[in-house]
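Worksheet: the structure to be examined is printed underneath.
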Amino acid sequence: MLNKIISIFLIIPALCGLYKSDNKDTEESYRTNIEQIAFENTIETANPQTDLYNIISDHFNSALPDGKTEKKAIIIGYDGCRADALNLIIKDYSGIQKLVDNGASVRLSYCGGINYPAENIQATSTAPGWCSILTGVWADKTGITGNGITKSLEYKTLLTTLTEDKIIDKASFTTSWNGHFINEDSTYKLEKQYCEDNSINVAFNYCSSDTQSANTTLKDIKSDDCSDFLFTILEGPDHSGHTFGFSTNNPIYKIGFQLNELQSLSILNAIENRDTYASEDWLIIITSDHGGYGTGHGGASIQERMTFFVCNK
Ligand SMILES: [Zn+2]
């Protein structure tokens, strides 16, 4: 209901043309924004986004802590969320803040390939960003230099390998973007087929909106037989950025981020409310695939290249 009310407040002024779409900020103002956030590292020491692969892999391959009987993990992705958007957090309505209040680490990371900060073959786009997080390697290995390229099976995602290797029982990939596994040229078309052909229990959930993606994830978490590794992408910042500008000065971008924050908060609350939560060892990550500049992304500006991750471990 709250989402609907906020949407109405946004859509009416948007239709009236009150928001500019040419809202470009300077690198200087971006760096100032970043300095206001309590990141544990700096732009210069940002982690490659491929580190997330290792964090998740290590989680599932390490021993269970005392008193725990099962490993679980979730990545909640905010598509197109710039690192300086963390200045837009509303304290009691934020998944990120909830993690931070419980001691999570908050780090800067980068997308766009191995040669940071130099530009290279991997675009700061959706398919390469999430693919590097899920495979732990860049486009020089996966071939995913941009959107609209189907990945071979040489480098499979952790969703598939953890399940195939029986380290976990099942995984889920939930998204409302058709470029991941729906389109003819989608990134994971072959991998989805591979999972189906080999009875590997990865659910590829294609949803119509962020609301449906969040609800699908909530339904999974609320079930006794919940996926062991959930990967859910929400599109708020990307959608508002492409239409009205990727900038923390843009009220639509701000709301796109804040709507996803509400959705992630409800997901985190649902995890805590699981009957078996006390005996589960959860790794929880909120991250983004790329940033944005003006009304686009794909290039090598710092606003596009820099991402972030918040991790409860
Ligand atoms: Zn994206």
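Worth knowing before you read on, the calculation uses all heavy atoms, side chains too, and leaves out hydrogens, waters and symmetry mates. This chain uses plain numbering: 1 for the first residue, then up along the sequence.
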Asp25/Arg82 salt bridge by N-O under 4.0 Å criterion
yes

State which residues pass side chain to side chain donor-acceptor pair (under 3.5 Å) with Ser227; sequence neighbours excluded, sorted by chain then number.
Asp220

Between the side chains of Gln49 and Ser109, does any donor sit under 3.5 Å from an acceptor?
no

When hydrophobic residues are tied together by side-chain contacts of less than 4.5 Å, even through go-betweens, does Phe309 share a cluster with Phe39?
no

Contacts under 3.5 angstrom, residues 161-169 side chains, donor-acceptor by atom type, not counting sequence neighbours:
| from | atom 1 | to | atom 2 | distance (Å) |
| --- | --- | --- | --- | --- |
| Thr161 | OG1 | Thr157 | O | 3.3 |
| Thr163 | OG1 | Leu159 | O | 2.6 |
| Glu164 | OE2 | Tyr194 | OH | 2.3 |

Here the gap from Phe60 atom CZ to Phe229 atom CZ, rounded to the nearest 0.5 Å, amounts to 6.5 Å

When you look at Cys111 and His290, which way does the side-chain contact (heavy atoms from CB on, under 4.5 Å) test go after all the steps?
CA-CA 6 Å; Cys111 63; His290 54 77; 3.8 Å; yes

Please identify each residue that fulfils ring pair (Phe, Tyr, Trp, His ring centres under 6.0 Å) with His242, with sequence neighbours left out.
Phe246, His297

Salt bridge (charged side-chain N to carboxylate O under 4.0 Å, His left out) contacts touching residues 197-208 (sequence neighbours left out)
none

Is the closest side-chain donor-acceptor distance between Glu272 and Asn269 under 3.5 Å?
no

Going through the distances and angles, do Cys311 and Arg107 end up as a side-chain contact (heavy atoms from CB on, under 4.5 Å)?
CA-CA 8 Å; Cys311 179; Arg107 297 188 68 87; over 6 Å; no

Using a 4.5 Å cut-off between side-chain heavy atoms of Ile, Leu, Val, Met, Phe, Trp and Tyr, which other residues end up in the same hydrophobic cluster as Trp177?
none

Walk me through whether Asn312 and Asn102 qualify under side-chain hydrogen bond (donor to acceptor under 3.5 Å, both in side chains).
CA-CA 7 Å; Asn312 73 329; Asn102 287 302; over 6 Å; no

Please say which of Ser266, Ser223, Ser213 ends up in a side chain to side chain contact (heavy atoms under 4.5 Å, CB included) with Leu218.
Ser266

Any residue meeting ring pair (Phe, Tyr, Trp, His ring centres under 6.0 Å) with Tyr188, in chain and number order, not counting sequence neighbours:
Phe173

Between Thr45 and Thr42, a side-chain donor and acceptor under 3.5 Å:
yes

Looking just at side-chain N and O atoms, do Asn54 and Asp58 make a donor-acceptor pair shorter than 3.5 Å?
no

Do we see a donor-acceptor contact under 3.5 Å between the side chains of Lys71 and Ser62?
yes

Testing the 3.5 Å rule here: is there a donor-acceptor pair between the side chains of Glu261 and Ser94?
yes

